[in-house]
Every structure is written in structure tokens, then in C-alpha cells.
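Data first, discussion second: the structure below is written as C-alpha cells.
Sequential numbering from 1 along the given sequence is applied to the chain's residues.
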Amino acid sequence: KEFDFKSNNPYIIIDWVKQSFDKNGIVVRLYNCTSREQKFDIPINKEIYQTNSLEENRKKIETRKYIFKPFELVTLYIKNRRKYHGNFKI
């Protein structure tokens, strides 16, 4: 299976995608490359948490719309029901 995650806003950059440390999800790092707030629609329908690069202090995101502050860096943990052994596609 592939994990397909694309930015729907040209000013929100996908920095990296990796398998989570617990192997139960995918971690995506994104950032706003502008000095203005930017809207971003999260393009998948799974449990999503905002976290840090060490995948600690997860906070569940209840909406599929996220507002990036100027130059904000965001790390998302996307939970998968089973361990992920596939290809990443960005």
C-alpha cells in the first residue's frame, strides 16, 4: 500500500515523511514558507495528532482544516490501524 499525502496549498511545504517510532503510523513535517497565515486542508481521513519531532505530547486534531501561522513548522502523527510497511508518496 502507498501513503499518499499532498499539500493543497503551494505555500505549505512538506519537509519530510517517515514511519513513526512505534510503527503504528506516519509522521509528516510541514511548514508555512510565508510571513502570512495559510489555510491547509488535511488530505486524509484518519486519526491525526499534532506532535513534535520526537513524537511526544500528541494532541488530537479534530478538524481537517488547519491554519498555519507565519513560518510555522508542524509535525503530524497519522495513526494507522496496522503497522505500516509500504511506500511513501508525496
Query raised in the report: Do Tyr77 and Asn24 have side-chain N/O donor and acceptor atoms under 3.5 Å apart?
Result: no
**Report entry** Validation row: Ile14, Val28 side chains within 4.5 angstrom (heavy atoms)
**Finding:** yes
**Report entry** Candidate pair Asn57 and Thr51, rule side chain to side chain contact (heavy atoms under 4.5 Å, CB included), full reasoning
**Finding:** CA-CA 6 Å; Asn57 305 321; Thr51 187; 5.8 Å; no
Report task. Measure across Ile67 and Glu37 and return the closest heavy-atom pair with its distance rounded to 0.1 Å. Result -> CG2-OE1, 3.6 Å
Query - Lys18 vs Ile26 side-chain heavy atoms within contact, under 4.5 Å - result: no
Query raised in the report: Does Arg29 have any side-chain hydrogen bond (donor to acceptor under 3.5 Å, both in side chains) partners at least two apart in sequence or in another chain, and if so, which?
Result: Thr75
Requested in this report: Return the minimal non-hydrogen interatomic distance between Ser7 and Asn9, and the atom names on each side.
Outcome: OG-O, 2.8 Å
Report summary line: Taking every heavy atom of Arg64 against every heavy atom of Glu47, the minimum-distance pair comes out as NH2-N, 4.4 Å
Query raised in the report: Would you find more than 12 non-hydrogen atoms of other residues, nucleotides or ligands less than 6.0 Å from Phe40 atom CZ?
Result: yes
**Report entry** Residues Gln19, Val27; criterion side chain to side chain contact (heavy atoms under 4.5 Å, CB included); working and verdict
**Finding:** CA-CA 6 Å; Gln19 184 175 23; Val27 180; over 6 Å; no
Query raised in the report: side chain to side chain contact (heavy atoms under 4.5 Å, CB included) between Glu56 and Arg58: does it pass, once the steps are laid out?
Result: CA-CA 6 Å; Glu56 304 166 326; Arg58 294 179 191 160; over 6 Å; no
Query raised in the report: Does Tyr66 belong to the same Ile/Leu/Val/Met/Phe/Trp/Tyr cluster as Leu73, with side-chain heavy atoms less than 4.5 Å apart forming each link?
Result: no
Report task. Find out if a path of hydrophobic residues (ILVMFWY) with successive side-chain heavy-atom gaps under 4.5 Å connects Phe71 to Leu76. Result -> no
Requested in this report: Taking all non-hydrogen atoms of both residues into account, name the closest pair between Glu55 and Ser20 and its distance.
Outcome: OE1-CB, 3.3 Å
Query raised in the report: Linking I/L/V/M/F/W/Y whenever their side-chain heavy atoms sit closer than 4.5 Å, directly or via other members, would Ile61 and Ile44 fall into one cluster?
Result: yes
Report task. Please answer: with hydrophobic residues joined when any side-chain heavy atoms are less than 4.5 Å apart, are Ile42 and Ile78 in the same cluster? Result -> yes
Query - Side chains of Gln38 and Asn32, donor plus acceptor under 3.5 Å - result: no
